Every structure is written in C-alpha cells, then in structure tokens.
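Keep in mind that this is a model prediction, so the values were computed, not measured.
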Amino acid sequence: RQSVDRLITAHGTTMFLPALKSFMHEHMPHNNIIPGPHDRFDVYRQVIIVTPPDPRTSDSPKRWRIRATPEVQPGPSSRKPWSPTRFNMALISDDAWTTNLRTLEGVQVAQVRIIFTLPRQFLVGTNSRALAYVEWFTLLREPDPSSGLCQVSRSTRQLHWNAAVIHLDEMVRPCHLIPKMGPSVDPGWMSANVYETAHDFYFNTFIDLETFCIFTRSD
C-alpha cells in the first residue's frame, strides 16, 4: 500500500485528495469518512482491457495495456533495473462498459496517473470497483487542415490541471498523442516529460489500424 505523499511525489498527483473527495461525494454520498493524508491505497501498475472483435480489423478480441508507473531509480544494492515513467494516455467514455468503440463520439482523452482501489474502511455497504486518477485533455477539436489530425490541449481548472477520479470501467482503450512542435523543437523535451511540458498535441489516428478505423468512421 502506498501513502498519499508517495502518490503525490512519485505519480505527480497534486490534486489526488480533492479529486477523490469529489468522486466520493458524487458516487458515495452516504460515506461519512473523509479521505486524508494518512490513508494508504493499493496501487496497480497496469490494467488490461479486452475488447470484442472489430470486424473491420480482426476476428479476434483485442487486449490493450494501459500503464501508470512512475520512474524507478535502482538503489546501490537494488537488483531492479532502471524503469522509465509510463503514464499512458487513454480514451475515457461517458458511458461505463463501452468497450466496443465504433466512433470517437462521447470519449475524451486523459492521462492515467494512478490505478488503485479504496481502503476497506471506505467500502462499508458499497461494492468495490477499481478506480483511476486521470488528468483531462480538452475535447477533440476539428482536424488540422495540414495533417488531418485532431488537436487537444491540457485541460485546466483553477490554475491546476483538471483531474478526476473515475471508475476503471470507464476507460475504453489506450491512445497516443503527438506533441505539436511548431517551427522548432524544444530541446528540453524528452519522452519522460513531453506530456507535461508541451502545450498542444495531435491525436494520433495512425498509431494502429483500430484507431484509424474509428477516426474515419467519426469523420
């Protein structure tokens, strides 16, 4: 189990407690326990989403992996190798259990920062469902006339990145964003920080055949 301080520092989730309180107020109104800095949470490295066959691309179900892991720096006596930050992008649906995605209507891009479950004391009289802390991007804008790709930006709220806690079954599948570079490329951009430092992004519809088919049907 990980502490709130660990989640904030390792996963970069400064709005974790406010987002969790808002989620519980909406979805668990009869719960009288308020989450605080001393609570600890079971955290998971990834989720596997299995989607039904899409006849446009395959006859077999598809397995999608979405990771939410901070950087691992091995200590002097550690046998664990160095591991980079992996906070994957995902498409979030406004309708839970929508795994058979056919168009981009009703979905929004978010970066997945934590996959977790609530401690037992919060679950009295309720069903346990896995949760995710995500940071929203804006809705997909009209395709860029040059590239044909839709654009998104970081969504902000009260001078912070717009974050929320959601049910894990609202997560449809991973997606990929390309930073909008302009006439020059920021030399400080690296794979570990570009999603935090770039301002605008293209939604990559060419990352796989399934995404391309979904986009062309939405167009």
Side-chain angles (χ1 to χ4, degrees), residues 11 23 27 41-72 80-118 127-144 147-152 155 163-180 191-192 194-195 201-219:
H11 292 253
F23 171 86
H27 296 278
F41 299 84
D42 288 325
V43 176
Y44 304 90
R45 295 175 57 84
Q46 63 183 18
V47 59
I48 303 294
I49 299 173
V50 180
T51 57
D54 185 336
R56 298 171 296 179
T57 60
S58 174
D59 296 328
S60 303
K62 187 77 174 182
R63 291 170 59 88
W64 303 101
R65 184 194 311 270
I66 299 174
R67 295 183 176 94
T69 57
E71 181 183 21
V72 174
K80 290 185 177 181
W82 172 82
S83 177
T85 296
R86 291 190 180 97
F87 296 125
N88 291 164
M89 299 293 166
L91 289 176
I92 313 298
S93 174
D94 53 11
D95 180 19
W97 309 106
T98 305
T99 57
N100 198 14
L101 193 64
R102 287 291 182 264
T103 73
L104 293 174
E105 295 179 5
V107 295
Q108 188 170 352
V109 177
Q111 187 174 27
V112 183
R113 289 279 182 171
I114 310 175
I115 301 167
F116 69 103
T117 53
L118 289 173
N127 295 323
S128 175
R129 291 167 67 184
L131 307 175
Y133 174 96
V134 302
E135 292 169 347
W136 294 111
F137 285 73
T138 57
L139 296 176
L140 294 170
R141 298 194 287 273
E142 289 297 316
D144 176 75
S147 65
L149 301 178
C150 296
Q151 298 183 62
V152 296
S155 175
V165 170
I166 64 169
H167 287 116
L168 199 63
D169 50 44
E170 297 174 42
M171 201 176 297
V172 181
R173 49 160 298 164
C175 64
H176 182 252
L177 301 182
I178 304 171
K180 188 175 181 180
S191 60
V194 67
Y195 285 133
F201 302 84
Y202 293 113
F203 180 81
N204 187 0
T205 56
F206 302 106
I207 189 67
D208 54 63
L209 183 57
E210 289 81 6
T211 302
F212 180 77
C213 290
I214 292 169
F215 176 73
T216 54
R217 188 165 181 174
S218 302
D219 192 5

Check whether any side-chain heavy atom of [X] lies under 4.5 Å from a side-chain heavy atom of [Y], and answer yes or no.
X      : Y      : result
Asn88  : Val112 : no
Pro61  : Pro53  : yes
Phe201 : Lys180 : no
Ile49  : Arg173 : no
Glu170 : Ser93  : no
Leu149 : Pro143 : no
Ile166 : Tyr133 : no
Gln151 : Asp144 : yes

Can you list the steps and then say if Trp64 with Glu210 is a side-chain contact (heavy atoms from CB on, under 4.5 Å)?
CA-CA 11 Å; Trp64 303 101; Glu210 289 81 6; 3.9 Å; yes
As an exercise, state the distance from [atom1] of [X] to [atom2] of [Y], rounded to the nearest 0.5 Å.
X      : Y      : atom1 : atom2 : answer
Ser155 : Glu135 : OG    : CD    : 10.5 Å
Leu104 : Leu91  : CG    : CG    : 6.5 Å
Tyr202 : Leu140 : OH    : CG    : 14.0 Å
Leu209 : Thr57  : CG    : OG1   : 5.5 Å
Ile48  : Arg65  : CD1   : CZ    : 4.0 Å
Cys150 : Arg141 : SG    : CZ    : 9.5 Å

Under the side-chain hydrogen bond (donor to acceptor under 3.5 Å, both in side chains) test, residues paired with Trp136 that sit two or more places apart:
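Expected list: none.
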Residues Gln111, Phe137; criterion side-chain contact (heavy atoms from CB on, under 4.5 Å); working and verdict
CA-CA 8 Å; Gln111 187 174 27; Phe137 285 73; 4.2 Å; yes
Counterpart residues, side-chain contact (heavy atoms from CB on, under 4.5 Å), relative to Asn204 (two or more places apart)
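side-chain contact (heavy atoms from CB on, under 4.5 Å) list for Asn204, sorted by chain: His176, Ile178, Phe206, Ile207.
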Show your reasoning for whether side-chain contact (heavy atoms from CB on, under 4.5 Å) applies to His167 and His27.
CA-CA 10 Å; His167 287 116; His27 296 278; 3.7 Å; yes
Indicate yes or no for a side-chain donor-acceptor contact from Tyr44 to the backbone of Ala68 under 3.5 Å, with no hydrogens or angles considered.
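No; judged by distance alone, with no hydrogens or angles, the pair does not exist.
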Apply the ring-ring contact (aromatic ring centres under 6.0 Å, His included) test between His11 and each candidate in Phe41, Phe87, Phe116; give the one that qualifies.
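Going through Phe41, Phe87, Phe116 one by one, the ring-ring contact (aromatic ring centres under 6.0 Å, His included) with His11 is satisfied by Phe87 alone.
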Working for side-chain contact (heavy atoms from CB on, under 4.5 Å), residues Leu131 and Leu168:
CA-CA 5 Å; Leu131 307 175; Leu168 199 63; over 6 Å; no
CZ/Arg45: more than 12 non-hydrogen atoms of other groups inside 6.0 Å:
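For Arg45, atom CZ is not crowded (no more than 12 foreign heavy atoms under 6.0 Å).
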Minimum heavy-atom distance Tyr195-Leu177, with the two atoms named
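Between these two residues, the closest heavy atoms are OH-O, 3.2 Å.
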Nearest heavy-atom pair of Ile66 and Ile115: which atoms, and what distance?
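Nearest heavy atoms, Ile66 then Ile115: O-CD1, 3.9 Å.
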Any ion pair linking Asp54 and Lys62 (charged N to carboxylate O, less than 4.0 Å)?
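Salt bridge flag = no for Asp54 with Lys62.
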